[in-house]
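Below is one structure, written out as structure tokens, with a few remarks after it.
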Amino acid sequence: ATVNKNGKVTGKSNGTAYIKATSKYTNKSVKCKVFVQNTKYIAITFDDGPSASYTPKLLDALKDRDAKVTFFMLGENVGYNPDLVKRMKAEGHELGNHSYSHADLTSLSKSGIQKEVNKTKEAIYDACGAYPTVFRAPYGNLNDDVLSALDTPSIYWSVDTLDWKHPNVKYVKNQILKNAYDGA
């Protein structure tokens, strides 16, 4: 199987395939397992939590719908809410690192970047016994120094709903459906 620049897998119609992925930033390669199905998917992610007031309600709603998401967490919030991180893991959600304090990592020194990434990684591990499997940079700001500090894939987004600016369920749903596209 191969993957084009838009992330589309070819050479396999259904089932499991293995691909070799190479970072254009670090030139490191890794073998990746991919699942190919003729089904449409939207990956839903949440940044900046966990929050004692919002995350329990969100987890309840996800559980009711048997939905799994990725939580990109801030290390400082993990420390205040370790039981929520344990619950996320127990309910099968993916755990992601979103830095410790939501700093623009591109404005920090290499050691500052490493501190933000590692403190969050350890906070998540201390909370639930598992390390984050993915990373998302605050504001989406990346450079070579940030990428070289990571030991997990860096994940960007295709649709930013700006839900913090427009906290309306109907608006957010419409933004997702209006802006989603194949290969995003």
Side-chain angles (χ1 to χ4, degrees), residues 1-26 28-51 54-55 58-59 61-62 65-74 77 88 91-99 102-106 113 116-117 120 124 132-184:
T2 59
V3 180
N4 70 17
K5 67 180 182 175
N6 296 321
K8 183 167 174 89
V9 178
T10 56
K12 184 90 171 158
S13 59
N14 261 322
T16 304
Y18 292 89
I19 61 167
K20 178 180 168 186
T22 304
S23 167
K24 71 178 182 179
Y25 298 102
T26 64
K28 292 181 184 174
S29 294
V30 61
K31 184 178 177 182
C32 300
K33 183 177 184 180
V34 296
F35 301 97
V36 181
Q37 292 181 314
N38 293 330
T39 307
K40 294 186 179 199
Y41 291 98
I42 293 180
I44 300 174
T45 63
F46 295 92
D47 296 355
D48 303 341
S51 156
Y54 296 112
T55 305
L58 176 57
L59 286 167
L62 294 168
R65 291 159 179 83
D66 194 29
K68 306 299 181 211
V69 302
T70 304
F71 288 97
F72 288 98
M73 295 178 277
L74 294 175
N77 289 344
M88 289 172 188
E91 293 180 6
H93 300 288
E94 186 172 28
L95 309 178
N97 184 333
H98 194 47
S99 82
H102 208 274
D104 177 354
L105 300 179
T106 62
I113 296 166
E116 285 276 330
V117 170
T120 303
I124 292 170
T133 56
V134 288
F135 173 85
R136 174 173 286 158
Y139 315 104
N141 292 349
L142 290 169
N143 62 19
D144 288 341
D145 288 343
V146 174
L147 290 168
S148 68
L150 305 178
D151 58 2
T152 58
S154 176
I155 307 298
Y156 204 70
W157 56 85
S158 299
V159 177
D160 186 353
T161 62
L162 302 176
D163 57 305
W164 57 272
K165 193 175 187 179
H166 306 283
N168 175 286
V169 172
K170 190 178 250 183
Y171 174 86
V172 170
K173 176 183 172 186
N174 288 338
Q175 287 300 304
I176 293 168
L177 296 177
K178 182 173 89 178
N179 293 298
Y181 55 92
D182 286 344

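In this text, all values refer to a predicted model and were calculated from it rather than measured experimentally.
- Between Val117 and Ser99 there is no side-chain heavy-atom pair separated by less than 4.5 Å.
- One distance of note links NE2 of His93 with CD1 of Ile44; it measures 11.0 Å at 0.5 Å rounding.
- Proximity of Tyr139 to His102: side-chain heavy atoms (C-beta onward) are separated by under 4.5 Å at one or more points.
- At a threshold of 4.5 Å between non-hydrogen side-chain atoms, the residues Trp164 and Leu162 count as touching.
- Looking at heavy atoms from C-beta onward, Thr120 lies out of side-chain contact with Pro132 at the 4.5 angstrom threshold.
- Between Met88 and Thr55, the closest side-chain pair of non-hydrogen atoms falls below 4.5 Å.
- Nearest heavy atom pair, residue Ile176 against residue Thr161, reads CG1-CG2, 3.5 Å.
- When side chains are defined from C-beta on, Phe71 counts as touching Leu59, because their heavy atoms get closer than 4.5 Å.
- Using bins of under 30°, 30° to 60° and over 60° for the plane-to-plane angle, the ring pair Tyr171/His166 lands in the tilted bin.
- With sequence neighbours excluded, the residues forming a side chain to side chain donor-acceptor pair (under 3.5 Å) with Asp104 are Thr106, Asn141, listed by chain and number.
- Just one residue in the list Asn97, Leu95, Ile155 forms a side chain to side chain contact (heavy atoms under 4.5 Å, CB included) with Phe72, and that residue is Ile155.
- For Lys68, the NZ atom counts as densely surrounded, since its 6.0 Å shell holds more than 12 non-hydrogen atoms of other residues, nucleotides or ligands.
- Put simply, the side chain of Pro138 reaches to within 4.5 Å of the side chain of Leu105, judged on heavy atoms.
- With rounding to the nearest 0.5 angstrom, the CG atom of Leu74 is 9.0 Å from the CD atom of Glu116.
- Annotation for Leu142 and Ser154: closest pair CD1-OG, 3.5 Å, computed over non-hydrogen atoms.
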